[in-house]
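Here's the structure, in structure tokens; my notes come after.
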Amino acid sequence: QVQLVESGGGLVQAGGSLRLSCTASGGTFRMNAMGWFRQAPGKEREFVAAINWSSSSLRYADYVKGRFTISRDNAKNTVYLQMNSLKEEDTAVYYCAVREVSWTATTMPEYAYWGQGTQVTVSL
């Protein structure tokens with residue numbers, strides 16, 4: 001059974017940084033694309049970043065481009081999201097997800113497995 005576990009969330013001041021991690025178990029995922037999404041209170045879940053199997057293709061939402069960096073370690077079945085210059089509007093529950101194919105995608109239905117999420121709160 002596939003399981004994704006996120007960690008690294010927390011409370012940070014605006015302008016600060018956090019690094020999220022997501023480790024997958026229940027299989028090998030080095031050939032699978034992975035992604036991060038987020039959901040703020042009262043809003044729909046939205047795409048943040050995605051990475052293909054080889055890390056050669058990275059995609060970012062416009063609102064995080066230049067501030068967030070997605071990366072992965074296939075040996076550890078882990079994907080990371082380095083978040084810098086955090087803003088209050090980045091406050092959300094962050095979810096990682098895995099596709100069943102190797103290339104990236106930006107919409108929720110294209111991802112097969114999801115984690116439970118980790119809370120990120122950015123204060124002024």
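Count residues from 1 along the sequence. The figures here come from the full heavy-atom set of this structure, side chains too, leaving out hydrogens, waters and symmetry mates. Being a predicted model, the structure only gives us computed values, none of them experimental.
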Minimum heavy-atom distance Trp103-Asn52, with the two atoms named: CA-CB, 4.3 Å
Using the ring centroid of each side chain, check whether Phe47 and Trp36 are separated by less than 6.0 Å. no
Going by atom types only, do [X] and [Y] share a side-chain donor-acceptor pair under 3.5 Å?
{"X": "Thr121", "Y": "Thr91", "answer": "no"}
{"X": "Tyr113", "Y": "Glu100", "answer": "yes"}
{"X": "Tyr111", "Y": "Arg99", "answer": "no"}

Any chance you could lay out the side chain to side chain donor-acceptor pair (under 3.5 Å) test for Thr78 and Asp73, step after step, and finish with the verdict? CA-CA 5 Å; Thr78 299; Asp73 184 337; over 6 Å; no
Does [X] have any salt bridge (Lys or Arg N to Asp or Glu O under 4.0 Å) partners at least two apart in sequence or in another chain, and if so, which?
{"X": "Glu88", "result": "none"}
{"X": "Arg67", "result": "Asp90"}
{"X": "Lys43", "result": "none"}

Pairs where residues 25-37 contributes a residue and the test salt bridge (Lys or Arg N to Asp or Glu O under 4.0 Å) is met, not counting sequence neighbours: none
Report, as yes or no, whether the 6.0 Å neighbourhood of atom CD on Gln116 holds more than 12 heavy atoms from other residues, nucleotides or ligands. no
The criterion is side-chain contact (heavy atoms from CB on, under 4.5 Å); which residues satisfy it with Ser7, sequence neighbours excluded? Ser21
Just jot down the side-chain contact (heavy atoms from CB on, under 4.5 Å) partners of Trp53, sequence neighbours excluded, or say none. Met31, Ser102
